[in-house]
Amino acid sequence: MSYNFMTAEEAASLIKDGEIIGLSGFTPAGSPKAVTTELARQARQKHERGEQFQIGVITGASTGDSCDGELTRAHVIKFRAPYTTNADFRKAVNNGEIKYTDIHLSQVAQRIRSGFLGHINTAIIEACEITEDGRIFLTAGVGISPTIARLADKIIIELNAAHSKTLIGMHDLYEMERPPFRRPVPIVRPSDRIGLPYIQVDPSKIVGVVQTNIPDEARGFHESDPVTDKIGQNVAEFLAADMKRGIIPSTFLPLQSGVGNIANAVLSALGKDSSIPPFEMYTEVIQNSVIKLIKEGRIKFGSTCSLSVTNDCLDDIYENMDFFRHKLVLRPSEISNSPEVIRRLGVISMNTAIEADIYGNVNSTHICGTKMMNGIGGSGDFTRSAYISIFSCPSIAKGGCISSIVPMVSHQDHSEHSVNVIITEQGVADLRGKSPMERAKAVIENCAHPDYKQLLWDYLKISTKGQTSHSLSAALGMHHEFTQKGDMRLTNWSKFQK
């Protein structure tokens with residue numbers, strides 16, 4: 001079959017008001033760029049003429065500015081799921097302009113298959129190669145691509161020459177069946193392959209192919225600093241001690257790591273710790289730090305959903321594909337984040353928190369309980385099923401005006417039942433096997449900043465005693481004080497007892 005090659009303008013014109021589009025990729029890696037940018041331009045023209053034009057957008061995770069940014073600024077997005085990191089999108093969501101559904105990333109594909117999120121009219125998929133018989137070879141991110149390609153009425157391909165065709169063979173694409181009688185996911189080690197290296201579709205569904213040469217909109221992260229370095233050191237020392245005690249086997253266990261400068265600092269510290277043997281990753285996102293450790297021989301293998309690396313790092317992978325081909329695999333998010341596989345492999349999860357409370361509950365999505373930051377992403381997929389679940393964060397923010405350790409989280413994403421360890425630059429609170437009051441004492445003593453320790457001890461003194469002691473009138477007092485005066489340190493518990 002000969003495909004219909006077209007411009008981004010022609011492809012975007014195929015998308016109609018009220019449709020739901022599904023996008024490939026996971027983070028900006030592998031996300032479409034040309035068609036969504038053109039779609040935003042056309043939408044602005046329609047709005048200027050007084051025409052209605054809004055659509056639903058479902059992705060694997062976050063995207064680049066050419067999707068979330070452009071479409072938000074053009075007021076195109078009516079509904080969006082499941083995760084984003086774009087500042088303009090975040091502002092629109094918090095202003096009530098976009099209906100946003102925050103979903104565990106492992107659940108998105110199944111919810112699409114089950115009809116919970118509506119019908120996908122158009123899938124826009126970035127590829128490094130396509131064949132006449134309907135084989136689509138993806139680029140640096142997978143996400144929900146297999147599911148949206150199968151279920152969409154029509155498919156638009158962005159054939160992106162910025163990605164090397166040496167990627168062919170690096171993907172392992174496997175779509176889970178709908179319940180009941182779903183078969184187990186047959187992965188027993190991170191390097192196992194269970195699917196195809198391409199997506200197979202009916203070629204008649206591919207209504208257009210847009211040729212592009214656009215690099216991924218890779219995000220850089222801040223360099224490490226003394227605080228993040230200390231957090232990384234604390235995590236590494238904790239895991240090394242658990243291995244020495246026999247809690248972690250001498251061969252170590254696969255790791256999952258979140259995104260950002262803290263995650264990079266943690267991985268760097270683990271790589272430098274000679275007491276920790278070379279290890280594997282079973283994770284959703286691989287960053288530059290992982291590639292560096294693979295090259296150094298400290299990481300043996302990385303299973304991921306996305307190569308969320310800088311463009312120079314991605315070019316390095318492409319140029320040395322003979323080395324990396326047997327050390328990396330790219331999977332759909334429902335497999336990379338599968339709770340079944342995570343529990344089977346004994347993955348150690350390491351994620352970041354916005355805040356944690358003294359009992360071990362974690363808020364990873366909302367500022368002061370109301371303003372969405374990014375979304376839960378895959379942290380819940382891993383935390384709930386991990387062999388050991390770790391959350392880390394600096395003990396203070398905003399120059400000390402905010403404590404990351406609070407009496408009660410203002411929004412709960414991960415409960416005390418799932419969180420095993422909390423780590424800040426101050427120290428480590430191992431919550432395993434502890435009662436609520438034992439957890440509270442460990443978190444305050446080991447993780448709270450010195451400016452806030454006494455304030456938190458005083459909170460326990462005014463709390464109504466019980467299995468989990470709280471003063472319901474004062475539990476969010478530190479947050480209230482910040483919203484009123486801009487500094488949690490000014491909290492006076494007595495005012496909440498009147």
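Scope of the values below: all heavy atoms of this structure, side chains included, with no hydrogens, waters or symmetry mates.
- Side-chain N or O atoms of Arg183 include none that pairs as donor or acceptor with a backbone N or O of Glu177 at under 3.5 Å.
- Defined by atom type and a distance below 3.5 Å, a donor-acceptor pair is missing between the side-chain atoms of Ser24 and Ser145.
- Applying the side chain to side chain donor-acceptor pair (under 3.5 Å) test between Ser224 and each of Asp229, Asn261, Asn264 identifies Asp229 as the sole match.
- Using a cutoff of 4.0 Å between basic side-chain nitrogens and carboxylate oxygens, Lys91 and Asp88 are not scored as salt-bridged.
- The closest side-chain donor-acceptor pair between Thr27 and Ser306 falls under 3.5 angstrom.
- At least one side-chain heavy atom of Met176 sits under 4.5 Å from a side-chain heavy atom of Val185.
- Using a 4.0 Å cut-off between charged side-chain N and carboxylate O, Lys495 and Glu481 make a salt bridge.
- Within the 4.5 Å cutoff, no side-chain heavy atoms of Thr491 are placed close to those of Tyr452.
- Counted by atom type alone, Ser410 and Glu355 present one or more donor-acceptor pairs between their side chains at under 3.5 Å.
- Side-chain contact between Phe89 and Ile77: present, with at least one pair of heavy atoms (C-beta onward) separated by less than 4.5 Å.
- A salt bridge is defined here as a Lys NZ or Arg NE, NH1 or NH2 lying under 4.0 Å from an Asp or Glu carboxylate O, and Arg432 with Asp242 meets this definition.
- Looking at Asn446, its side chain does come within 3.5 Å of a backbone N or O of Ala442 through a donor-acceptor pair.
- Listed by chain and residue number, nothing satisfies the side chain to side chain donor-acceptor pair (under 3.5 Å) test with Arg193 (two or more places apart in sequence, or in another chain).
- Side chains of His470 and Tyr359: no donor on one and acceptor on the other come within 3.5 Å.
- Only one option out of Thr72, Asp68, Asp65 pairs with Asn86 in a side chain to side chain donor-acceptor pair (under 3.5 Å); it is Asp65.
- Using cut-offs of 30° and 60° on the angle between ring planes, the pair Trp493 and Phe496 is tilted.
- At least one donor-acceptor pair under 3.5 Å links the side chain of Asp172 to the backbone N or O of Gly195.
- With hydrogens and angles left out, the side-chain atoms of Asn121 and His119 include no donor and acceptor closer than 3.5 Å.
- The shortest side-chain heavy-atom distance between Glu445 and Trp457 falls under the 4.5 Å cut-off.
- Taking the six-membered ring for Trp and thresholds of 30 and 60 degrees, His414 and Phe391 have ring planes inclined between 30 and 60 degrees apart.
- Note: Phe252 and Phe279 have tilted aromatic rings, judged against thresholds of 30 and 60 degrees for the angle between ring planes.
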Counting only pairs under 3.5 Å, give me each side-chain donor-acceptor contact of residues 398-406, with atom names and distances, residues two or more places apart or in other chains.
{"unit_1": "Ser403", "atom_1": "OG", "unit_2": "Ile405", "atom_2": "N", "d": "3.2"}
{"unit_1": "Ser403", "atom_1": "OG", "unit_2": "Ile405", "atom_2": "O", "d": "2.6"}
{"unit_1": "Ser404", "atom_1": "OG", "unit_2": "Pro394", "atom_2": "O", "d": "2.8"}

